[in-house]
Amino acid sequence: MSDTQPPPGLDQALRERLGDDGVVTEPARLAPYMAERRGLYTGQGRLVVRPADTDGVAAAVRLCRDHGAAVVAQSGNTGTVGGGSPRHAGEVVISLERLQRIRRLDAEEGLLVAEAGCTLAELQAAAERAGRFLPLSLASEAECRIGGNLATNAGGLNALRYGNARAQALGLEVVLADGRIWRDLQGLRKDNSGYDLRDLFIGAGGELGIITAATLRLLPPPRSRRVALLALPALGPALPLVRAAQAESGDAVVAAELMSAEAVAMGQLLDDTPANPLPGSPWYLLLELATSDPRAELDEALSAALAPAQEAGQLDDARLAPTEAAAARLWRLRTAIPDGQKRAGASIKHDIAVLPSDIAAFVPRALAAVQAVDPDVQPCVFGHVGDGNLHLNLTQPAGADAEAFLAQRAVYNRAVHDEVHRFAGSVAAEHGVGQLKRDEVGSYADPLGLELMQHIKQALDPEGLLNPGKGPAAAGPRPADRDRGDDTSC
Ligand code: ZN
């Protein structure tokens, strides 16, 4: 494998198979495939192929393999860990963006068979037109594509109620490293006739095979929905409030988004963000309840959940959205945070998970560890508290040098991730491993688990052609100091 350029003759062979339309080499047209959204990585590839169907993907993989070139699968290119970014000029990007067909939509069976390049929003709309509901919901849903959603096992805004991308998949079609196509799209709800190959490819970051199509489960659509913003005097009451709302509503809480006051304030840096209607509290919880039960009384459920907390002084105030437009304004307080954080300067982000019941103990410890590095760093904490998954993000101290702050990335990672490790949590909760978390995973993961993953990689991709240098199988050995347990703090 060459690191410096695609192998000679590969470009021409791909053009002959895929047509000129299916091969991109001009620098200006390559640029969007090489730009990673957060600007952390710039892809080095000089060759992008755009097959129109699964056979084209398989042919491209075979040709790359015959020429000794590694491949990087890419669908919406909205990932945040460098998973879709080619690390070397000799690697070929296989874009799935032209695999756009919905092959089957069976409302009665609740099945949708879609190709990897369909955007998540298109699939949500198709399900809705058929009177069904595809529950996966992500901030990037207008651009992200289902192939990447599954390859990263994306979580998102309503994983609390409906599960991650994995929970929506009843079948897959996958192009393997040798160019063969494994198909299991029937969509059986039960099938214990062997090992679960489907779940092996989901969340594997395109490192074990390239997902080209999937069978997704569709649900009855929600009939009623309520959105509420709760202002909290402290972090502690957040999870008990979520659990009370779940209990009172018959498990209708689809989203429970925690936001620190600092995170809400960063969202306000965008022009279109509405003002915070409940200013002055240190923490906020955005709850969305939705149900397909026509008899459900969501207002009563919310009141019953909130009243005891209010009496106990664990709830400063609550605002229930009376209309869909008001609900959208409350949601905007949350969805504005990532872009608002960009406005505030350079950031270092941590996508972590602990047990939900450990959140209240974990967050102050992690923030203290961060502030021990620099007391002026600006934490921006928000995320999916019901799942125990937080974005414990850091923004540079106001007025400080961005580069100097980013140069401390490893120090901040250590501060946060050592605390995550103490709580037996995950340092790669919903965005995947890719390049960004590879070494962090290598530092903290169970060595036997990593060894098993490396065996699986070896079995499915013995020549190392699929997305090399990324993911858990590419993680280096565990540093010796990790074995000292809690002694790693200094
Ligand atoms: Zn998230």
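Only this structure's heavy atoms are used, side chains among them; waters, hydrogens and symmetry mates stay out. As the structure is a computational prediction, the values presented were derived from the model and not from experiment. Both counts, for ligands and for their atoms, begin at 1 and track the order of listing.
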*Could you check Leu258, Leu286, Leu287 and say which one makes a side-chain contact (heavy atoms from CB on, under 4.5 Å) with Leu230?*
Leu287
*asked:* Closer than 4.0 angstrom, basic N to acidic O: yes or no for Glu97 and Arg50?
replied: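 Result for this pair is yes, salt bridge flagged.
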*Are any of the side-chain nitrogens in Glu324 or Arg225 under 4.0 Å away from the carboxylate oxygens of its partner?*
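Salt bridge present between Glu324 and Arg225.
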*Is His431 close enough that one of its N/O/S atoms sits under 2.8 Å from the Zn ion (ligand 1)?*
no
*Is the Zn ion (ligand 1) under 2.8 Å from any N, O or S atom of Glu430?*
yes
*Please confirm whether His350 and His431 have ring centers closer than 6.0 angstrom.*
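No; His431 has its ring centre 6.0 Å or more from that of His350.
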*By atom name, which N, O or S atom of His391 is the nearest to the Zn ion (ligand 1)?*
NE2
